Amino acid sequence: MRVLVTGGAGFIGSHFVKRLAGAGAEVVVLDKLTYAGNPANLEGVDAELVVGDIADVTAVERAAAGCDAIVNFAAETHVDRSILTPQEFVHTDVLGTMTLLEWARAHDVRYVQVSTDEVYGDLEPGRRAAEDDPLRPSSPYSAAKAGGDLQVLAYVRTYGVRASITRGANTYGANQYPEKLIPLFVTNALDGEPLPVYGDGKQVREWLHAEDHCAAVELVLHEGRPGEVYNVGGEDFENLEVTNRILELTGADPGLVRHVEDRAGHDRRYAVDDTKLRELGWVPSHSFGETGLPSTVDWYRDHRAWWEPIKSGSYRAYYDAQYGERLKA
Ligand code: NAD
Ligand code: TYD
């Protein structure tokens, strides 16, 4: 099988490329190498890298030629950046998705859209979103991802494209760009820098290991039904619980925790019902507390050479815009 993996130089996409290539598939990666794309994530991996934009028809044609399937991980992914610069999110997450769907339609290839549980918006305690729940996105990021999902479903219904959607929970593991909660807090803790907790820190997220997320996407690629959506859940914790576990595992000073001004429009809680995926045979292999978070902290401790160069240059400019005033207040 020859598979086009878009966004394959990013965090979850690179885990997926390693998984497919390791199983003997031919893999082509199409990646724009934005700030979040990093060829080092694919070092030593047997995959062809095409540098280009998923919203550029010519780049898509070049990368997708001869492929039997497209798995779309490419996206602008960070909520805080979507609040600062929403335009890029519509370009990639909506228009880019549609450009890939056009190729899938014209060449009748299998398509999997990697989406997020954030499209359901926040849920009151006790509720879990099912796949047919209404989409109520809160941030420019989740609104753009919801727009991509709707394009996929329209292409299934109108043109018969063989597409499925996965909606994964908050994902963590090695090689995650240090802007999201876990890699930001782990690397800051290792450097003795503040851990900026938004608001009261009692927001709840479900945590899913990248390898379990990729196992789910691979299962859906092979066994998922066209037109169907599959939630991929994780283990739920309040942000402060995650923060405290990170302090324990890094041995950092609890005085580093700083409650700062909350994120605009901050969703309080995400939770999904993933029964449908489990019925397809998915069983996660990591436990957040026992294996997942400890091995992730170890990876960042052992791979300073991966993240130290990232945390300079344009990262610094973003960090100052996002946290400068918050940490001064
Ligand atoms: P990431 O930000 O680490 O990587 C995104 C990749 O896409 C980068 O390599 C980037 O260069 C590439 N890219 C961005 N715009 C592009 C474009 N226009 N054309 C081609 N490539 C482009 O993202 P991630 O965390 O690995 O997320 C991957 C996918 O999984 C996304 O679709 C995201 O919405 C989804 N997802 C992520 C999470 C999470 O917690 N990280 C959870 C659920 C779903
Ligand atoms: P994040 O990793 O950005 O993922 P998402 O917003 O997509 O869920 O954030 C996870 C949670 O952590 C979310 O409730 C926001 C919170 N958070 C902080 O408290 N401080 C931070 O600096 C960041 C990046 C996130």
Side-chain angles (χ1 to χ4, degrees), residues 5-16 29-39 41-42 50-56 59-60 63 71-83 88-89 91-93 95-97 99-100 113-119 122 138-139 141-142 144-145 148-149 166-173 175-185 188 194-208 210 213-214 216-217 232 234 237-240 242-243 257-260 262-263 265-270 272 319 322-323 326-327:
V5 180
T6 64
F11 162 48
I12 312 172
S14 63
H15 282 267
F16 191 73
V29 171
L30 173 60
D31 198 298
K32 193 177 172 183
L33 299 183
T34 67
Y35 77 92
N38 187 347
N41 293 345
L42 294 175
V50 177
V51 178
D53 188 333
I54 59 164
D56 172 359
V60 171
V71 182
N72 181 27
F73 286 89
E76 288 293 338
T77 61
H78 192 39
V79 173
D80 291 323
R81 287 187 194 253
S82 81
I83 294 167
E88 296 155 39
F89 287 72
H91 171 84
T92 295
D93 303 8
L95 189 60
T97 296
T99 310
L100 294 172
Q113 174 76 356
V114 180
S115 186
T116 165
D117 62 357
E118 302 194 23
V119 297
D122 59 355
S138 310
S139 70
Y141 163 62
S142 51
K145 290 296 289 185
D149 285 16
T166 59
R167 293 193 181 133
N170 280 64
T171 304
Y172 71 99
N175 299 92
Q176 185 170 26
Y177 190 86
E179 63 185 352
K180 307 273 184 351
L181 178 73
I182 288 182
L184 175 67
F185 280 21
N188 278 14
L195 310 188
V197 172
Y198 294 153
D200 64 8
K202 293 191 180 300
Q203 303 84 2
V204 176
R205 296 291 183 269
E206 287 195 302
W207 293 100
L208 166 66
H213 193 159
C214 290
V217 174
V232 194
F237 295 96
E238 287 184 356
N239 292 340
L240 273 180
V242 174
T243 305
V257 174
R258 299 276 300 276
H259 286 266
V260 299
D262 208 348
R263 171 187 280 172
H266 198 169
D267 282 333
R268 200 72 188 159
R269 174 175 176 269
Y270 298 135
V272 291
Y319 195 85
Q322 182 62 25
Y323 298 104
R326 280 185 158 94
L327 286 169

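Both ligands and their constituent atoms are indexed starting at 1 by order of listing. One-based numbering along the sequence shown. Owing to the predicted nature of the structure, the values given are computational and were not obtained by experimental measurement.
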Query raised in the report: With ring centroids as reference points, do Phe73 and Phe11 lie under 6.0 angstrom apart?
Result: no

Could you say whether the N/O atoms of [X] and ligand 1 ever approach to under 3.5 Å?
| X | answer |
| --- | --- |
| Ile12 | yes |
| Thr116 | no |
| Thr92 | yes |
| Ala55 | no |
| Lys145 | yes |
| Glu76 | no |
| Thr171 | yes |
| Asn72 | no |

Distance from [atom] to nearest protein heavy atom, with residue and atom:
| atom | result |
| --- | --- |
| atom 9 (O) of ligand 1 | Asp31 OD2, 2.6 Å |
| atom 42 (C) of ligand 1 | Ala169 O, 3.2 Å |
| atom 3 (O) of ligand 1 | Phe11 N, 3.0 Å |
| atom 28 (C) of ligand 1 | Phe73 O, 3.3 Å |
| atom 2 (O) of ligand 1 | Thr77 OG1, 2.8 Å |
| atom 4 (O) of ligand 1 | Gly10 CA, 3.5 Å |
| atom 30 (O) of ligand 1 | Val114 CG1, 3.5 Å |
| atom 21 (N) of ligand 1 | Lys32 N, 3.0 Å |

At a 4.0 Å threshold, what atoms of ligand 1 neighbour a non-hydrogen atom of [X]?
| X | value |
| --- | --- |
| His213 | 43 (C), 44 (C) |
| Leu33 | 11 (O) |
| Asp53 | 17 (C), 18 (N), 19 (N) |
| Thr34 | 10 (C), 11 (O), 14 (C), 15 (N) |
| Ala36 | 2 (O), 8 (C) |
| Ser115 | 43 (C), 44 (C) |
| Asn170 | 40 (O) |

I'd like to know if the side chain of [X] and the backbone of [Y] have a donor-acceptor N/O pair within less than 3.5 Å.
| X | Y | result |
| --- | --- | --- |
| Asn41 | Ala9 | yes |
| Glu206 | Val272 | yes |
| Asp93 | Ala144 | no |
| His15 | Ala210 | no |
| Thr34 | Ala36 | yes |
| Arg258 | Leu327 | yes |

Query - Gap between atom CG of Asn38 and atom CG of Leu33 - 0.5 Å precision - result: 8.5 Å

**Report entry** Salt bridge flag under 4.0 Å for residues Lys32 and Asp53
**Finding:** yes

Is the closest heavy atom of [X] to ligand 1 under 4.0 Å?
| X | answer |
| --- | --- |
| Thr6 | no |
| Gly52 | yes |
| Gly8 | no |
| Ala9 | yes |

Query - Quiz item: cation-pi between Arg81 and Phe89, 6.0 Å / 45° - result: no

Query raised in the report: If we only count heavy atoms from C-beta on, is the Gln203 to His266 side-chain gap below 4.5 Å?
Result: yes

Query raised in the report: Do Thr6 and Leu100 touch side chain to side chain, with heavy atoms closer than 4.5 Å?
Result: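 With C-beta onward as the side chain, the pair touches.
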
Going by distance alone, is a donor N or O of one side chain under 3.5 Å from an acceptor N or O of the other, for [X] and [Y]?
| X | Y | answer |
| --- | --- | --- |
| Thr77 | Lys180 | yes |
| Glu118 | Tyr141 | no |
| Glu179 | Tyr35 | yes |
| Asn188 | Tyr323 | no |

Query - Any residue meeting side-chain contact (heavy atoms from CB on, under 4.5 Å) with Ser138, in chain and number order, not counting sequence neighbours - result: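 Scan of Ser138 (side-chain contact (heavy atoms from CB on, under 4.5 Å), adjacent residues dropped) gives Asp267.
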
Relative to [atom], which among [options] owns the nearest non-hydrogen atom?
| atom | options | result |
| --- | --- | --- |
| atom 34 (O) of ligand 1 | Tyr141, Tyr177, Tyr270, Phe89 | Tyr141 |
| atom 14 (C) of ligand 1 | Gly7, Ala74, Ala75 | Ala75 |
| atom 43 (C) of ligand 1 | Gly148, Gly168, Ala59 | Gly168 |

Between the protein and ligand 2, are there any N or O atom pairs that come within less than 3.5 Å of each other, and if so, what are their names and distances?
from: ligand 2; atom 1: 2 (O); to: Leu181; atom 2: N; distance (Å): 2.8
from: ligand 2; atom 1: 3 (O); to: Arg263; atom 2: NH2; distance (Å): 2.9
from: ligand 2; atom 1: 4 (O); to: Asn170; atom 2: ND2; distance (Å): 3.2
from: ligand 2; atom 1: 6 (O); to: Arg263; atom 2: NH1; distance (Å): 2.5
from: ligand 2; atom 1: 6 (O); to: Arg263; atom 2: NH2; distance (Å): 3.4
from: ligand 2; atom 1: 7 (O); to: Glu118; atom 2: OE2; distance (Å): 2.3
from: ligand 2; atom 1: 8 (O); to: Asn170; atom 2: ND2; distance (Å): 2.9
from: ligand 2; atom 1: 8 (O); to: Arg205; atom 2: NE; distance (Å): 2.7
from: ligand 2; atom 1: 12 (O); to: Asn239; atom 2: ND2; distance (Å): 3.3
from: ligand 2; atom 1: 14 (O); to: Arg205; atom 2: NH2; distance (Å): 3.2
from: ligand 2; atom 1: 14 (O); to: Asn239; atom 2: ND2; distance (Å): 2.8
from: ligand 2; atom 1: 14 (O); to: His266; atom 2: NE2; distance (Å): 2.7
from: ligand 2; atom 1: 19 (O); to: Tyr198; atom 2: N; distance (Å): 2.8
from: ligand 2; atom 1: 20 (N); to: Pro196; atom 2: O; distance (Å): 2.8
from: ligand 2; atom 1: 22 (O); to: Pro196; atom 2: O; distance (Å): 3.3
from: ligand 2; atom 1: 22 (O); to: Tyr323; atom 2: OH; distance (Å): 2.7

Requested in this report: Take Asp262 and Arg326 through the salt bridge (charged side-chain N to carboxylate O under 4.0 Å, His left out) test and state the conclusion after the steps.
Outcome: CA-CA 9 Å; Asp262 208 348; Arg326 280 185 158 94; over 6 Å; no

